[in-house]
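Have a look at the structure below, then the notes.
Values below: every heavy atom of this structure, side chains too, minus hydrogens, waters and symmetry copies. Here, residue 1 is the first one in the sequence, and each next residue gets the next number.
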Amino acid sequence: MKLDLSKYGINNTIELFHNPSYKFLFEEETKQSLDGYEKGQLTELDAINVMTGIYTGRSPKDKFIVMDEVSKDTVWWTSDNFKNDNHPASVEAWNECKKIALSQLSNKRLYVVDAYCGANKDTRMAVRFICEVAWQAHFIKNMFIKPSDEELANFEPDFVVYNASKAKVNNYKELGLNSETAVLFNLTSREQIILNTWYGGEMKKGMFSMMNYFLPLKGIASMHCSANTDLDGKNTAIFFGLSGTGKTTLSTDPKRLLVGDDEHGWDDNGIFNFEGGCYAKVINLDKDSEPDIYNAIRRNALLENVTVDDMGRIDFSDKSVTENTRVSYPINHIKNIVKPVSSAPHAKCVIFLSADAYGVLPPVSILSPEQTQYYFLSGYTSKLAGTERGITEPTPTFSSCFGQAFLELHPTKYAEELVKKMNMVGAKAYLVNTGWNGSGKRISIKDTRGIIDSILDGSINKAKTKTIPVFNLEIPTELKGVDSKILDPRDTYGNTTDWDNKANSLANKFVDNFKKFELNDNGRALSKYGPKAK
């Protein structure tokens, strides 16, 4: 039966392309009649490249959630004491923005893609995406889980996304919004509106934020992490970390099967992916260092904001548009994946990835259960350039649960669910620094992969260890395939006093950040497991 969009308030649709094929979308997004950000360019790797305009990353200041009876007492709202990206919007602002979106989408050629967010049938969200740009429909097909033909025939959405990227909110000030751009969520009607940003990640991270709201309330851990398992599908690991810390690179391992690269749930049956694709950074992408990601860039993959010349030649090193150059591709573009469903048994290894710009943290630390909670709630890393507007240099930051931007509930709820699942199966946690050390250089991918291998095969737990001061972290003194000279960060400095000074400075930042968690007994008890500045 033909889909009628008038039930959503979208009228006089000129043409409707419901669940279009990749082949059709390729033809649509490369039409010679297109111009501006709508037009895709075919590259030498046979993948399309598109430009997303001034928004080459998410716009967190423009994220709003309608404050109503459902959300007012459950959402973790931003406050002066604990700032986050959950800005409240009035019902009136929502109604006005929805009106703008529906007006923009009426009288147009439209693409509608029906997809699932979540590989677990019991808890997945059926999402209907409505947009007027072909490559945005392509992005959705890449990133979310495709229903079967039978499921599509009976598809009823739990959530609807209206992507009106061409429309602006001119009266944003009187509506209490931040700018002409707005990304709004309504938890009661289960809808998202996107206005005046073309960046595809707003749809992907929007649905992750919604899973982050609904799942923990059901006792399911919702996590900003990648996941893989061994070739037998038995030894699962999850990798937490913000964009650019190595989640995608380290979980895409030729020796293991990929579950997913960014967003997962953990229920009583194990780990499951939210997505049907991967969204990898490609700045300085090198075929030899990251062959799986490079080889995934072929027809049906979608590059974003990459520099391409008139002949279709790609320059992955060019960051003149943004450092947040990306590619989305269906997960089956990776050879070693879990099939047919992106799920795996309970995780035995939980890995926290931090890109430490200070050069203080060891490349790997073995965490106690209490340290696990402390460092999970702290979520320390350095925010890398380009994943958000206005960030051009690495900046030390703390992002609760390694994903504060996407937490709709208080961080302690996510920590509670993660620890509950870890305790249930006896999982162990490790803090891995993929950033810098005293040499001034970034820790090599080769050494980091060696560290990850030692975690996954369990050899790190048999290694001799020592404890470094200030952070009181247990570190191995030797690991197979890893340069022993980097395992203690103090050894990478010409003068250990330099490390001491930096370590004390960073320790104070940890202490100051954690004060917001010390408002209850549990937080105060955990604080003693953090660093202690001298």
Side-chain angles (χ1 to χ4, degrees), residues 241-242 244-246 250 351-368 370-372 374-384 393-399 402 428-455 459-515 526-534:
L242 290 182
T245 55
L250 294 172
I351 299 167
F352 300 154
L353 302 171
S354 291
D356 177 25
Y358 276 72
V360 168
L361 292 181
V364 61
S365 307
I366 304 164
L367 302 180
S368 70
E370 294 81 10
Q371 286 177 323
T372 298
Y374 182 92
Y375 284 98
F376 185 63
L377 285 172
S378 296
Y380 169 70
T381 190
S382 299
K383 187 168 284 184
L384 299 184
E393 293 295 329
T395 308
T397 190
F398 293 90
S399 182
F402 297 93
K428 201 164 180 56
Y430 307 85
L431 180 64
V432 174
N433 175 19
T434 62
W436 291 259
N437 58 27
S439 69
K441 296 178 181 178
R442 194 153 188 184
I443 296 164
S444 72
I445 290 179
K446 178 180 177 292
D447 281 325
T448 300
R449 284 203 182 278
I451 287 165
I452 298 299
D453 287 346
S454 74
I455 292 172
S459 60
I460 192 172
N461 300 318
K462 300 168 188 170
K464 290 182 179 179
T465 64
K466 63 181 179 181
T467 301
I468 62 165
V470 185
F471 280 77
N472 297 313
L473 291 168
E474 183 185 2
I475 64 170
T477 57
E478 190 175 354
L479 292 174
K480 183 181 177 183
V482 181
D483 182 358
S484 296
K485 295 173 186 172
I486 69 166
L487 290 173
D488 185 334
R490 294 171 295 181
D491 295 341
T492 64
Y493 284 80
N495 185 340
T496 56
T497 304
D498 293 338
W499 182 88
D500 291 336
N501 292 336
K502 287 186 175 184
N504 283 307
S505 174
L506 183 57
N508 282 322
K509 292 181 184 295
F510 268 91
V511 171
D512 289 343
N513 172 71
F514 207 80
K515 285 175 181 174
L526 286 176
S527 64
K528 66 183 180 184
Y529 296 98
K532 297 286 184 293
K534 294 178 181 175

Next on the checklist: If I compare all heavy atoms of L479 with all of S454, which pair ends up nearest, and what's the gap?
Outcome noted: CD1-OG, 3.6 Å
Checklist entry - Less than 4.5 Å apart, any side-chain heavy atom of V432 and any of I455? => result yes
Next on the checklist: A side-chain contact here means heavy atoms from C-beta on lying under 4.5 Å apart; do T448 and L353 qualify?
Outcome noted: no
Next on the checklist: Just so I know, are the side chains of W499 and T492 near enough to count as touching, which here means a heavy-atom distance under 4.5 Å?
Outcome noted: no
Next on the checklist: Could you check whether any side-chain heavy atom of T381 comes within less than 4.5 Å of a side-chain heavy atom of S399, counting everything from C-beta outward?
Outcome noted: no
Checklist entry - Can you list the residues that meet the side-chain contact (heavy atoms from CB on, under 4.5 Å) rule with N461, with sequence neighbours excluded? => result K428, Y430
Item to check | For K515, salt bridge (Lys or Arg N to Asp or Glu O under 4.0 Å) partners two or more places apart | outcome: D512
Checklist entry - Is there a donor-acceptor pair under 3.5 Å between the side chain of S354 and the backbone N or O of Y380? => result yes
Checklist entry - When you look at CD of E370, are more than 12 heavy atoms from neighbouring residues, nucleotides or ligands closer to it than 6.0 Å? => result yes
Checklist entry - What heavy-atom pair brings N437 and S439 nearest, and what distance separates the two atoms? => result OD1-OG, 2.6 Å
Show me the donor-acceptor pairs within less than 3.5 Å that the side chains of residues 469-477 make with the rest of the protein, sequence neighbours left out.
residue	atom	partner	partner atom	Å
E474	OE2	T465	OG1	2.9
T477	OG1	K464	O	3.3

Checklist entry - Ignoring hydrogens and geometry, is there a side-chain-to-backbone donor-acceptor pair from N433 to D356 under 3.5 Å? => result yes
Checklist entry - Are D447 and P363 side-chain neighbours, meaning at least one heavy-atom pair lies under 4.5 Å? => result no
Item to check | Side-chain touch K509/Y358, heavy atoms, less than 4.5 angstrom | outcome: yes
Side chains of residues 484-491: which donor-acceptor partners sit under 3.5 Å, not counting sequence neighbours?
residue	atom	partner	partner atom	Å
D488	OD1	R490	N	3.0
D488	OD1	R490	NE	3.0
D488	OD2	K466	NZ	2.9
D488	OD2	R490	NE	3.2
D488	OD2	R490	NH2	2.7

Checklist outcome for this item: Residues passing the ring pair (Phe, Tyr, Trp, His ring centres under 6.0 Å) test with Y375, sequence neighbours excluded, are F510
Item to check | Residues in ring pair (Phe, Tyr, Trp, His ring centres under 6.0 Å) contact with F514, at least two apart in sequence or another chain | outcome: Y374, F517
